[in-house]
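The shown structure was predicted, so the numbers you read here are calculated from the model rather than taken from an experiment.
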Amino acid sequence: MKMKQESGSALIAAVFFILSATLLTMAVLAMSKFNTFTIRPHTDLQRSFYINEGAANRIQWLIAADRGLHPVANPGEEDYSEYDYDRYLADGVTHTIDYYGTEIEFTITDARSGFDFTSRGWNSTLNRIKRRWNTDTDLSDRVDLLRDLITDYTDTNDNIYGDGKEVADYEAENRAPLPRNSAMQFREELFYIDGFTDMFPVDKHGRLSSIRLIPPGNMVNLSGTPSVFTADRYLLMTYCDLEEEEADVVLEALNTYRTERVKLPDLLDVELLPKVRRLSWRESGNYTVDIKPKTGTIGKRLTFSFPGFDTGGPQNDTVRYMQWIFY
């Protein structure tokens, strides 16, 4: 009887041990599966940093090779089907390359794009907007307020200009050491100007993509008429005197050009085309490249801007970037 009791106790202990081991194994498998779902995206994101950096270098040389083969670029008017190789123009067309087994998509646009708020151009930009929308009293008042605020932000004195703000006002708002009291050094300083994003909203990535870059240290001059290939509705209506419906037609034509590579003049009627020609259809020689993972895959985006160079390489073998941002 005693032996039977001892055998029964051993059986219970063995069953308990097996059950515990099973539960532990299930817990380890569950944790392993969970870690696979959580760690894999982080690993893919980290890998995308290196892929984007390497691809960025290759794209710069693809642009250099295109410039060497075709010294005169005609974005929007080139027939891509005439070439047995891809063309790399500042026209926003989507390109795909295989970078060591990973497919990425990228676009090339002109860095001379968007509304100009550099030290040379911001006042002229506000004047242009005010002339175009002179019947909109509310918009005119907002333009005047922006002018006052930017004037005080960039001038070298402490005198308040109109409805602007100076040191004491920024200190009262706990925004010291604003204002800069000199020319803006980068585009994102415009976030400091009250009400600026009400007139020029950020894009879906939280960036001021409708505003032209302010190159650091005046490394290049981006002044001039903005590129047509990056124009949004507001810029088209302002520079080309288009109505909203006309601007939408142009935006649709630009999208068709970028996706189907049909000549842009063939997509615009004879009345719209001369108006759209008021924007720049030529390359400035300064480029913005936007790299993103192939649709449906996980990865970071990289946007960078740089002065173009030929196949001999950049000056002093150094590429100077106007922007370099992952997001």
(request) Would you kindly confirm whether W324 and F106 end up in one hydrophobic cluster when ILVMFWY residues are joined by side chain heavy atoms under 4.5 Å apart? (result) yes
(message) I'd like to know whether CZ of R278 has more than 12 heavy-atom contacts from other residues, nucleotides or ligands below 6.0 angstrom.
(response) yes
(request) Check each of L149, I150, T151 against R147 using the side-chain contact (heavy atoms from CB on, under 4.5 Å) test, and report the only one that passes. (result) T151
(request) Scan V167, D152, T154 and name whichever one has a side-chain contact (heavy atoms from CB on, under 4.5 Å) with N181. (result) V167
(request) Indicate yes or no: does R67 engage E283 in a salt bridge with an N to O separation below 4.0 Å. (result) no
(message) Just so I know, are the side chains of L139 and M199 near enough to count as touching, which here means a heavy-atom distance under 4.5 Å?
(response) yes
(message) Quick check: do D141 and L145 have side-chain heavy atoms less than 4.5 Å from each other?
(response) no
(request) Measure the CD1-CD1 distance between I104 and I291 for me, rounded to the nearest 0.5 Å. (result) 5.0 Å
(message) Would you say V270 ends up clustered with L273 if hydrophobic residues are merged whenever their side chains have heavy atoms under 4.5 Å apart, either directly or through other cluster members?
(response) no
(message) Taking the basic N atoms (NZ, or NE/NH1/NH2) and the acidic carboxylate oxygens, is any pair closer than 4.0 Å for D79 and K263?
(response) no
(message) When you measure from the centre of the six-membered ring of Y170, is the NZ or CZ of K165 closer than 6.0 Å and no more than 45° off the axis?
(response) yes
(request) Give the ring-plane orientation class for Y153 versus Y192, where under 30° counts as parallel, over 60° as perpendicular and anything between as tilted. (result) tilted
(request) Specify the closest pair of heavy atoms between E53 and L302, including all atoms of both residues, with the distance to one decimal. (result) N-CD2, 4.4 Å
(request) Can you label the angle between the F200 ring and the Y234 ring as parallel, tilted or perpendicular, going by 30° and 60°? (result) tilted
(message) Please determine whether a side-chain nitrogen of the Lys or Arg among R175 and D194 lies less than 4.0 Å from a carboxylate oxygen of the Asp or Glu.
(response) yes
(request) For side-chain hydrogen bond (donor to acceptor under 3.5 Å, both in side chains), just list the numbers for N316 and T318, CA-CA rounded to whole Å, side-chain angles, deciding distance to a tenth of an Å, and then say yes or no. (result) CA-CA 5 Å; N316 299 323; T318 302; over 6 Å; no
(request) Go through the side-chain N and O atoms of R112 and N286 and say whether any donor and acceptor fall under 3.5 Å apart. (result) no
(request) Rounded to the nearest 0.5 Å, what's the gap from CD on E260 to CG on N255? Could you check? (result) 8.5 Å
(request) Answer yes or no: are there more than 12 heavy-atom neighbours, outside F191 itself, under 6.0 Å from its atom CZ? (result) yes
(message) If you apply the rule side chain to side chain contact (heavy atoms under 4.5 Å, CB included), what do you find for V93 with F229, and how did you get there?
(response) CA-CA 9 Å; V93 166; F229 301 102; over 6 Å; no
(message) Does any part of the side chain of S119, heavy atoms only, come nearer than 4.5 Å to the side chain of M184, both counted from C-beta?
(response) no
(message) Just to verify, which of S284, S305, P226 counts as forming a side-chain contact (heavy atoms from CB on, under 4.5 Å) with D110?
(response) S284
(request) Evaluate the side-chain proximity of F117 to L126: yes if any heavy-atom separation is below 4.5 Å, no if none is. (result) yes
(request) Give a yes or no on whether Y50 atom OH has more than 12 heavy-atom contacts from other residues, nucleotides or ligands under 6.0 Å away. (result) no
(message) Can you classify the ring geometry of F306 versus F309 as parallel (below 30°), tilted (30 to 60°) or perpendicular (above 60°)?
(response) tilted
(request) Side-chain contact test, heavy atoms from C-beta onward, threshold under 4.5 Å: evaluate it for L264 versus L254 and give yes or no. (result) yes
(message) Can you confirm whether L208 sits close enough to T197 that some side-chain heavy atom of one is under 4.5 Å from a side-chain heavy atom of the other?
(response) yes
(request) Flag the pair N74 / R282 as yes when at least one side-chain heavy-atom distance between them is below 4.5 Å, and no otherwise. (result) yes
(message) Salt bridge check, E105 against R258: does any charged N sit closer than 4.0 Å to a carboxylate O?
(response) no
(message) Tell me whether the rings of Y83 and H70 are parallel (<30°), tilted (30 to 60°) or perpendicular (>60°).
(response) perpendicular
(request) Considering non-hydrogen atoms only, spot the tightest contact between A231 and L279 and give its length. (result) CB-CD1, 4.0 Å
(request) Evaluate the criterion side chain to side chain contact (heavy atoms under 4.5 Å, CB included) for residue pair T102 and R47; output intermediate values, then yes/no. (result) CA-CA 10 Å; T102 300; R47 185 169 180 269; 3.2 Å; yes
(message) Distance alone, cut at 3.5 Å: any donor-acceptor contact between the side chains of D116 and T118?
(response) yes
(message) For the CD atom on E103, are there more than 12 heavy atoms of other groups (residues, nucleotides or ligands in this structure) within a distance under 6.0 Å?
(response) yes
(request) State, to 0.1 Å, how close S210 and D232 come at their nearest heavy-atom pair, and which atoms those are. (result) CB-OD2, 3.6 Å
(request) Output, in order, the C-alpha distance, side-chain angles, deciding distance and verdict of side chain to side chain contact (heavy atoms under 4.5 Å, CB included) for R320 and V220. (result) CA-CA 10 Å; R320 300 180 65 198; V220 296; over 6 Å; no
(request) Give me the ring orientation class for H95 and Y80: parallel if the planes are under 30° apart, tilted from 30 to 60°, perpendicular past 60°. (result) tilted
(request) Check the hydrophobic clustering (I, L, V, M, F, W, Y; side-chain heavy atoms under 4.5 Å; chains of links allowed) and say if M322 and I63 are grouped together. (result) no
(message) Quick test of your reading of the model: are R261 and D86 salt-bridged, counting only N-O distances below 4.0 Å?
(response) yes
(message) In terms of relative ring orientation, are F115 and Y239 parallel, tilted or perpendicular, with 30° and 60° separating the classes?
(response) tilted
(request) Cation-pi check, R58 to Y88: give yes when NZ or CZ is under 6.0 Å from the six-membered ring centre and within 45° of the ring axis, no otherwise. (result) no
(request) Answer yes or no: is there an ion pair linking K275 with D241, defined by an N-O contact shorter than 4.0 Å? (result) no
(request) Indicate yes or no for a side-chain donor-acceptor contact from S48 to the backbone of L45 under 3.5 Å, with no hydrogens or angles considered. (result) yes
(request) Measure the shortest side-chain to side-chain distance between N52 and Y99 over non-hydrogen atoms and say whether it is less than 4.5 angstrom. (result) no
(message) Show, in sequence, the C-alpha distance, side-chain angles and deciding distance for R207 and T303, and conclude whether the side chain to side chain contact (heavy atoms under 4.5 Å, CB included) test is met.
(response) CA-CA 11 Å; R207 305 177 62 238; T303 296; 3.9 Å; yes
